[in-house]
Amino acid sequence: MKSHKVRVIISVVVILTALLMFFWPSKTASENTGVFKYFSNIKLGLDIKGGSMLEYNMKLDEGTDPNEIIDNVILVLRKRLDAAGYTEAVVSKVVSGNKIRVRVEIPGITDIETAEKLIGSRGKLYFAEVIDVQTSDTKPEIRRNKYVVINGKEEPIYDYVRDLYDETTWYKVQKYFTFGKEPFEFTGTEVVDANADINTRKKGFLVNLKFSSQGSKKFELITGNLVGKRLAIILDNRVIIAPVVNQKITSSSAVIEGIQTIEEARNVAALIKAGNLPVDLVKFQERTTGPTLGKDVVETIVKAGLLGLLVVMVYMIAFYGWMGVVADIALLFNSMLLLGVLAGTHAILTLPGLAGIILTFGTTVDGNVIIYERIKEELRHGRPPLTAVRFGFDKAFWTLFDANLTTVLAGVVLYYFATGTVRGFAITLIIGVLGSMFTNLVVSRAILESTSHLINVKKYQSAAVEEGKR
């Protein structure tokens, strides 16, 4: 009885959480139309809603073969977009005559400037000490600069760089560090990894940084000399973020705190992690795009999926009676859970993602069918309904667990090795299959144990008698 109450409580908490995430009013809620107007908290992909398209020429040195560079450029841009959460973005090579360009299509972003800031250009990612901050419409002038020799070349120490998000904010920075025996710079090549996370100790979000062994030594020297001062992280001569150094960092990792939104944390991590492109990118054209699939086509696909769902639900009721009703409730529960997770995590939904959702309809129903056949066997052996339900779920557990685990592992492999829209399919598949396993083993069981008296026992026992006579 105690375990039954726990299942009921967990089921109620989960569905309420999913509903809250799905319906919670958000300033960033997408302005969807048609059948998607009811899913305002879910971001739609380029094929459903449209977004921004930017095309770049590569600024190559004389004699450089663009075919040797383009794949690396696409890889870096792909990493930036994936790390920022835009897994459905499309990065592709465009051949026009003798020219090779790179095209980036980002779903859900209709502001070209936002898209450009996310993509960036070649830019050298580097860390620098913040000396001063000024507000000006034009770049302030450095009257007296100092110079150091870096790699045999004399370089100015100080420079003014603009904030990434505020055109009037200028940071006076010291680009080269003069601690130790020789002056040195700290660039993006020293950063091994960067990822966004929730700040569990304080409010807000953070970015975890991991450095190479050589970079760790340099960063320890920098932070040891700049405690209480600001350290700017700069790309394309734009300050991505300029946190205060709180303490000397002696390990190979560091944390940037004080970030207000997960989107900002993801963007910072993405730009740091994949900050250096092998070439400069020169913008060739830009435009906002409409859906790559026609609105009518998308709505037809969605309506066809809903019709198929309705047919399955009717079939389950006709074949299994009250247990079929419970299966339908579990199916709706899992659908709401999946949509809630998509809304809560700000995942982008595209047509492959819709295919993943529809596929999970089948896994949810299939799981219930396996359980119900076990229950029917127990009923034919003359067990009481409640006992038959419990025995049926216990016997079906490992079958369902193994079947769903293999599907989830396939989804993980797809997500890890694929990019773009294939990742979107993998995400909805993994969430949906995990949700179907939860609804099958927890939600369906909680409902059936509470309503076992509604199962038509005579139907299955009479069927067993008839089979015995034969």
Side-chain angles (χ1 to χ4, degrees), residues 43-125 188-189 194 235-236 238 266-267 269-294 297 348-353 355 413-427:
K43 295 181 179 180
L44 302 179
L46 200 70
D47 52 357
I48 297 175
K49 185 181 179 182
S52 294
M53 190 282 288
L54 298 105
E55 201 166 294
Y56 294 92
N57 283 318
M58 296 183 295
K59 191 176 180 180
L60 301 171
D61 295 331
E62 191 172 339
T64 302
D65 184 1
N67 290 297
E68 297 177 357
I69 301 293
I70 185 65
D71 289 339
N72 197 14
V73 171
I74 290 174
L75 178 63
V76 172
L77 292 180
R78 179 73 266 163
K79 285 182 178 179
R80 288 185 186 179
L81 293 164
D82 285 348
Y86 292 96
T87 57
E88 305 294 347
V90 177
V91 185
S92 57
K93 178 174 73 172
V94 178
V95 180
S96 177
N98 295 326
K99 285 278 187 180
I100 294 179
R101 303 189 186 98
V102 59
R103 177 180 294 167
V104 181
E105 298 167 290
I106 309 177
I109 294 184
T110 55
D111 182 1
I112 294 293
E113 289 186 7
T114 302
E116 282 188 288
K117 286 174 182 175
L118 182 62
I119 297 168
S121 57
R122 180 183 187 179
K124 180 181 180 182
L125 182 76
T189 57
L235 174 66
D236 286 345
R238 293 292 189 107
R266 285 174 177 168
N267 286 348
L271 292 172
I272 294 174
K273 186 176 180 180
N276 297 323
L277 279 167
V279 293
D280 285 317
L281 296 180
V282 180
K283 187 167 61 179
F284 175 72
Q285 65 171 326
E286 62 180 39
R287 68 172 183 266
T288 55
T289 64
T292 54
L293 293 172
V297 173
I348 298 173
L349 180 64
T350 61
L351 194 60
V413 171
L414 274 177
Y415 181 84
Y416 185 78
F417 289 103
T419 58
T421 55
V422 177
R423 270 194 165 188
F425 172 78
I427 289 171

Inset, instruction - Please report the shortest heavy-atom distance between A269 and A194, naming the atom on each side. - result: O-CB, 3.7 Å

Inset, instruction - Answer yes or no: is there a side-chain heavy-atom contact under 4.5 Å between L281 and M58? - result: yes

Inset, instruction - List the atom of Y415, the atom of A426, and the distance in Å for their closest heavy-atom pair. - result: N-CB, 3.7 Å

Inset, instruction - Write down the atom of S92, the atom of I74, and the distance for their closest heavy-atom approach. - result: C-CD1, 4.0 Å

Inset, instruction - Taking side chain to side chain contact (heavy atoms under 4.5 Å, CB included) as the test, write out the residues that go with V94, two or more places apart. - result: E55, R101, R103

Inset, instruction - With sequence neighbours left out, write down each residue that passes side-chain hydrogen bond (donor to acceptor under 3.5 Å, both in side chains) with K283, or none if nothing qualifies. - result: E116, E286

